[in-house]
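The structure appears right after this line, and notes come after that.
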Amino acid sequence: LYGAFGTSRKSWVTFHNLAILLGISLAVTPAFKMRFWNIGAEGQVLIGCLATAACMICLGDKLPNGLLILIMIIAAIAAGALWGFLPAFFKAKWNTNETLFTLMMNYVATSIVACMTNIMRGQASSLGTLNKATKAGWFPVIMGQRYTINIIVVIVLTFVMYAYLRFSKQGYEISVVGESENTARYAGINVRRVTVRTMLISGAICGLIGLLLTSSTDHTMTTTIVDGRGFTAVMVSWMAKSNPIIMIFVSLLLVVLNRGAGEISTAFGLNRSFSDILTGIILFFIIGCESVSYTHLRA
């Protein structure tokens, strides 16, 4: 608890990490609810970061800041949507394995980002602080914190996603397709269209999170900027049973575990990997309890 909430700064960082993890979890949830196993959120967020950084570098000194931010939003959402569209199109057209396809797209996105970093900054491993002097493309600071806008956006996104999945026609179609594609076809639902549309939404939200990472908080781009949260989001969505409201508490649990384990590593002079091991052990037992409970229920 001290590692997560011990000081005002630690609390803000915790809530920011919560917002980013929750945002990515919300992105993959519609696909998972449809039984489309989107393991490519890491790459979809990363490609959104790249689109944002490219706009900041190429247009930062040419456009007013408001117009630049608008173009960045469009570019990041479009890039993420494209990265989600490709596996969905191949799945709908040729029934490819979406798990492998989306997983491999992560590596493609990482390689593209590494390549573009080298092109724009020589052999540097990152782009450094983008537009540090002019702050062109930087999101405004609210309440004295650069994290505030991320938290607000994700809060709104959470309730929008809850309403979308629970009350909209498209959310109903996603549920039917997830239960049975044959039933969906019998009911007159175009499964291919639902698949592509849902992955466009999933990728677009990931692109938006990439925008928030690059423009609002980090102001840079590296191949590690997502920090594995695209994969952790899979765990969040699964543990919350695809319920966006429950995802808030699951994301908070995982973030607090991670921050607390990091604090333990620092306090006892242990390697940073210890915190990952400790968190992994706790999650392992959570999954084990879920499996045992499911087995008893079936019995």
Pairwise side-chain contact, V196 with R192, heavy-atom cut-off 4.5 Å (strictly under)
no
Applying the side chain to side chain contact (heavy atoms under 4.5 Å, CB included) criterion to F90, which one of N97, N95, T96 satisfies it?
T96
Expected output: side-chain N106 to main-chain G43 donor-acceptor under 3.5 Å
yes
For a quick test of reading the model, state the closest non-hydrogen atom pair linking L252 to L18 and the distance between them.
N-CD1, 3.4 Å
Would you find a donor on one side and an acceptor on the other, under 3.5 Å apart, between the side chain of D227 and the backbone of R229?
no
With a 6.0 Å cut-off (strictly less than), is the heavy-atom count around NZ of K10, excluding the residue itself, greater than 12?
yes
Any donor-acceptor N/O pair, R146 side chain to V141 backbone, under 3.5 Å:
no
What is the minimum heavy-atom distance between G137 and M72, and which atoms define it?
O-CE, 3.2 Å
Point-to-point distance, once rounded to the nearest 0.5 Å, from CG of L254 to OG1 of T232
7.0 Å
Can you tell me how far the CG atom of L253 sits from the CE atom of M235, to the nearest 0.5 Å?
10.5 Å
Rounded to the nearest 0.5 Å, how far apart are CD1 of I225 and CD of E42?
11.0 Å
Find out whether Q44 and M199 are in side-chain contact, i.e. whether some heavy atom of one side chain is under 4.5 Å from a heavy atom of the other.
yes
Ring geometry between H219 and W138 (parallel below 30°, tilted from 30 to 60°, perpendicular above 60°)
parallel
Could you tell me whether Q170 atom CD has more than 12 heavy atoms of other residues or ligands within 6.0 Å of it?
yes
Does any non-hydrogen side-chain atom of F32 lie less than 4.5 Å from one of V234?
yes
Could you tell me the separation between the CD1 atom of I24 and the CG atom of L208, rounded to the nearest 0.5 Å?
11.0 Å
4.5 Å side-chain heavy-atom contact, L50 and M221:
yes
Nearest atoms (heavy-atom pairs only) where G60 meets L68
CA-CD2, 3.8 Å
Mutual orientation of the aromatic rings belonging to W94 and F89 [parallel < 30°, tilted 30-60°, perpendicular > 60°]:
perpendicular
Nearest heavy-atom approach of L211 to A76 is CB-CB, 3.8 Å
Any side-chain heavy-atom pair of F159 and I245 under 4.5 Å:
yes
Can you check salt bridge (Lys or Arg N to Asp or Glu O under 4.0 Å) on E181 and R185, steps first, answer last?
CA-CA 6 Å; E181 290 189 8; R185 291 190 184 96; 3.2 Å; yes
Which value, rounded to the nearest 0.5 Å, describes the distance between I246 atom CD1 and S25 atom OG?
13.0 Å
Report the residue from T29, N243, N38 that forms a side-chain hydrogen bond (donor to acceptor under 3.5 Å, both in side chains) with S237.
T29
Just wondering, more than 12 heavy atoms not from F285 lying within 6.0 Å of its CZ?
no
Between T220 and T129, is there a donor-acceptor pair closer than 3.5 Å when you use the side chain of the first and the backbone of the second?
no
Taking the six-membered ring of W238 (Phe, Tyr or Trp), confirm whether the NZ or CZ of K241 is under 6.0 Å from its centre and within 45° of its axis.
yes
Passes side-chain contact (heavy atoms from CB on, under 4.5 Å), K91 versus F36? Steps please.
CA-CA 9 Å; K91 173 71 173 181; F36 186 103; 3.6 Å; yes
Decide whether L103 and I112 are clustered together by the hydrophobic rule: side chain heavy atoms of Ile, Leu, Val, Met, Phe, Trp, Tyr closer than 4.5 Å, transitively.
no
Honestly curious: do F101 and V108 fall in one hydrophobic cluster under the side-chain, below-4.5 Å linking rule?
yes
So, T14 side chain and A4 main chain: donor-acceptor pair closer than 3.5 Å or not?
yes
Is N150 reaching over with its side chain to a backbone N or O of I20, donor-acceptor style, under 3.5 angstrom?
no
Heavy-atom closest pair (V28 atom, S202 atom, distance to 0.1 Å) is CA-OG, 3.8 Å
Check for a donor-acceptor pair, side chain of T198 on one end and backbone N or O of T195 on the other, with a separation under 3.5 Å.
no
Between V255 and L21, the two heavy atoms sitting closest are CG2-CD2, 4.0 Å
So how far is it from F249 CZ to M247 CE, rounded to the nearest 0.5 Å?
13.0 Å
